[in-house]
Amino acid sequence: MSENEPLLSVQNMEKHFPVTKGLFKRQVGAVKAVDGISFDVFKGETLGLVGESGCGKSTTGRLVTRLLEPTAGKVVFEGQDITHMAQGKLRPLRRDMQMIFQDPYSSLNPRHTVGTIVGAPFRIQGVETEHGIKKAVQDLLGLVGLNPEHYNRYPHEFSGGQRQRIGIARTLALKPKLIIADEPVSALDVSIQAQVVNLLEDLQNELDLTYVVIAHDLSVVRHISDRVAVMYLGKIVEIADRKRLYDSPMHPYTNALLSAVPVPDPKSRKERERIRLTGDVPSPLNPPPACRFHTRCWKAQEICKQVEPPLEELASGHRVACHFPENAPQQAVQTPATAG
Amino acid sequence: MTAPLDVPGSAIEAGPETVLEGAETSVIRGRSLGQIAWMRLRRDRIAMIGGIVILLLILVAIFAPLLVSWFGHPPAEWHREKLDPSIGAPLGTFGGISSDFLFGVEPDSGRDLFSRVLYGARISLLIAFFATLLCVVLGTVLGMIAGFFGGWVDTIISRLMDIFLAFPLLVFALALAGVIPDKAFGMSGDTLRISLLVFIIGFFNWPYIGRIIRGQTLSLREREFVDASRSLGARNHTILFKEILPNLLAPILVYSTLLIPSNILFEAALSFLGVGVRPPTPTWGGMLSDAVHNYQVAPNFMIFPGLAIFITVLAFNLLGDGLRDAFDPKAR
Ligand SMILES: Nc1ncnc2c1ncn2[C@@H]1O[C@H](COP(=O)(O)OP(=O)(O)OP(=O)(O)O)[C@@H](O)[C@H]1O
Ligand code: SF4
Ligand SMILES: [Mg+2]
């Protein structure tokens with residue numbers, strides 16, 4: 001399905017939040033929430049973006065949808081550079097790029113009815129609907145598996161899963177091409193998570209959508225993703241096809257994340273020893289030098305503290321930033337090329 | 001649409017919250033948070049009593065001329081015959097209370113206290129309402145701007161609020177009322193005085209509301225529905241008026257209900273100090289101030305206006321507290 005031209009292309013994108021102090025707001029540092037990441041998303045595919053809390057996943061999503069402005073780098077959507085595009089010029093493009101939010105309790109205005117919420121995209125974008133906004137909203141509610149008659153209800157009258165469906169209906173209103181789903185199920189009961197993920201998958205098939213699905217563990221995006229990117233402290237440390245990433249993860253961090261995922265198949269469970277990550281994620285205000293994972297990595301050597309490992313393609317479509325990758329093809333395991 | 005989702009039919013039914021229990025479920029029509037708050041408020045007996053008293057007070061103020069024509073005498077009419085000519089104290093028990101003079105008469109002039117207290121309600125409520133309105137408008141607009149835009153805009157507005165709150169308002173009001181001529185801004189007499197009091201009280205008290213609105217806006221701005229609206233392409237004014245303002249209506253209602261009594265007290269204080277609406281127009285504060293000199297011979301002169309202030313302030317506070325609990329039961 002993928003064509004040569006990516007739908008979304010992110011190049012060396014950075015976001016540093018200034019940290020100020022005192023009455024005169026003197027800048028004393030910066031939270032390097034996203035620190036130079038690059039990835040492409042092709043039409044029709046789903047890219048999973050995974051990492052622990054605070055590693056910059058939401059920030060990445062908000063940069064791509066231009067709710068935030070990147071400090072550096074480039075965001076290209078459908079061939080157009082939108083990195084610093086003015087909000088006015090961006091408005092028509094927003095129809096093609098929508099976001100599903102993490103918290104279904106905060107993403108719906110408690111004072112608005114479902115009809116108002118799901119109909120907002122039409123009003124804001126001034127889109128004419130064939131049989132009126134009400135009909136369009138009811139169709140959308142039906143599409144996401146809600147009762148179209150609940151048009152006049154308020155968000156607080158719905159459960160978490162239903163609210164997330166309302167949020168999904170809203171993002172679908174303008175028939176977007178790309179949807180960034182920021183932890184779409186992490187706030188939901190486990191029993192409901194699968195339903196919402198299934199819904200996203202069905203909608204993708206029906207409406208020809210492209211997804212970036214953000215999650216904080218690898219299990220959620222396992223079924224839905226075509227490719228998966230793993231983030232650690234504002235950087236992508238590994239990106240690969242789903243199968244490669246789950247079957248032969250190369251980065252120690254990915255291995256650690258995977259070992260936290262319950263494995264249904266007991267045979268593979270035996271093979272994979274459980275790796276428990278020790279220590280907290282270091283602060284993005286003051287990230288460790290060189291390889292940011294070295295403070296928690298059990299394979300760390302002296303070089304890891306001095307030389308930042310580049311994100312290199314070690315197998316076809318499989319890029320890793322590590323000096324001592326696991327499961328790597330033989331020639332790549334030699335001493336790292338960059339020294340000094 | 002094919003819907004191969006394994007969603008059981010019952011999951012589609014909205015799970016009504018406890019507040020909705022017992023409500024008719026046949027009509028699919030949601031209950032807004034405002035409606036739910038109203039249901040809670042109706043069960044709060046004390047707040048409802050406060051509300052009813054306020055309603056009665058407003059009616060009394062509006063129909064004061066009618067009530068006075070039925071049960072009293074014009075507020076400026078002197079009744080020397082009701083006074084002891086030697087000391088000017090009211091004749092009869094407890095300040096001359098009778099079926100003719102329900103609250104007795106004023107010492108020295110013999111004016112009907114009932115009608116003066118009723119007319120005083122008009123001045124008090126009028127000034128308090130409009131001053132509060134001014135506070136709310138200024139506080140809401142400036143608070144929303146400060147909270148929403150942040151940065152230097154917020155810094156300037158916040159410092160402005162600090163300055164206003166630190167301002168020695170009473171001293172200023174005393175000085176200002178002293179230098180204001182009888183005619184100004186195309187107004188004169190009571191109209192000028194009332195407008196001036198509305199302005200002074202409203203203009204200097206807005207930071208109380210302003211701070212609350214700023215804080216609320218600051219936290220609402222971070223809610224994801226604001227991001228959702230923005231990612232749909234909404235402009236700032238749409239976000240401010242359509243997304244944020246509806247969430248501010250509850251705090252605005254609550255805090256203006258609580259601000260009215262404090263403005264009533266402030267007006268009474270100014271009148272008490274002699275810089276309010278000028279005599280012979282009756283005000284509660286003015287009456288109290290006169291009553292201080294002869295409370296021994298005419299206790300009614302102090303008790304009735306004092307009671308009027310007390311009941312009004314209490315009623316508004318009870319309603320305001322009830323409203324706050326109704327909108328935010330967790331804050332109790
Ligand atoms: N507006 C902001 N100002 C300052 N720092 C911020 C801001 N937004 C995010 N950060 C910081 O940037 C880092 C990354 O935040 P982000 O929300 O992107 O993380 P996340 O990966 O989405 O985490 P979570 O799983 O908790 O949602 C965090 O350390 C956070 O504190
Ligand atoms: S570069 Fe070194 S510290 Fe970093 S992940 Fe690889 S082995 Fe661990
Ligand atoms: Mg997040």
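We name chains A, B, ... by the order of the sequence lines, and we start the count at 1 in each one. This is a predicted model, so every value here is computed, not measured.
Using a 4.5 Å cut-off between heavy atoms, B/S229 touches chain A through backbone and side chain atoms alike. A/L108 touches chain B through its backbone: at least one of N, CA, C or O sits under 4.5 Å from a heavy atom, while the side chain does not. The part of A/L174 that comes within reach of chain B is its side chain, from C-beta onward, which places non-hydrogen atoms under 4.5 angstrom from that chain.
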Exercise for the section: Report the C-alpha distance between A/M99 and B/D227 in whole Å, list the side-chain angles of each, state the deciding distance to 0.1 Å, and finish with yes or no for side chain to side chain contact (heavy atoms under 4.5 Å, CB included). Expected result: CA-CA 9 Å; A/M99 191 153 173; B/D227 281 334; over 6 Å; no

Practice task
Evaluate the side chain to side chain contact (heavy atoms under 4.5 Å, CB included) criterion for residues A/R123 and B/T238: first the C-alpha distance (whole Å), next the side-chain angles of each, then the deciding distance (0.1 Å), finally the verdict.
Solution key: CA-CA 11 Å; A/R123 295 196 187 88; B/T238 313; over 6 Å; no

Problem - Audit row: A/I124, B/R235, side chain to side chain contact (heavy atoms under 4.5 Å, CB included) steps and yes/no - result: CA-CA 9 Å; A/I124 290 170; B/R235 293 174 177 83; over 6 Å; no

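Most heavy-atom pairs under 4.5 Å with chain B: of the set A/R95, A/Q87, A/R170, this distinction falls to A/R170. Across A/R66, A/Q98, A/E201, the residue that shares the most heavy-atom pairs under 4.5 angstrom with chain B is A/Q98. Of all the listed residues (B/E224, B/R230, B/E243), the one sharing the greatest number of non-hydrogen pairs under 4.5 Å with chain A is B/E224.
Applying the 6.0 Å contact sphere to CG of B/L59 captures more than 12 heavy atoms from other residues, nucleotides or ligands. In A/H84, the NE2 atom is crowded: over 12 heavy atoms of neighbouring residues, nucleotides or ligands sit closer than 6.0 Å. Open room surrounds CZ on B/F241; 12 or fewer heavy atoms of other groups in view lie less than 6.0 Å from it. Shown here is B/F130, whose CZ atom has no more than 12 heavy atoms of other residues, nucleotides or ligands within 6.0 Å.
Minimum interatomic distance between B/N247 and A/P110 (heavy atoms only, all atoms of both residues): OD1-CG, 3.4 Å. Closest of all the heavy-atom pairs between B/A228 and A/S107 is CB-O, 4.3 Å. Scanning both residues, A/Q125 and B/L232, for their nearest heavy atoms gives NE2-O, 2.9 Å.
Atom NZ of residue B/K242 and atom CG of residue A/N109 lie 12.0 Å apart, to the nearest 0.5 angstrom.
Put simply, the side chain of A/H112 never gets that close to the backbone of B/P246: no donor and acceptor are under 3.5 Å apart.
For a heavy-atom cut-off of 4.5 Å, chain A lies close to B/R223 in residues 202-223 of chain B.
B/S32 is not listed as a side-chain neighbour of A/R111, based on a closest heavy-atom distance of 4.5 Å or more.
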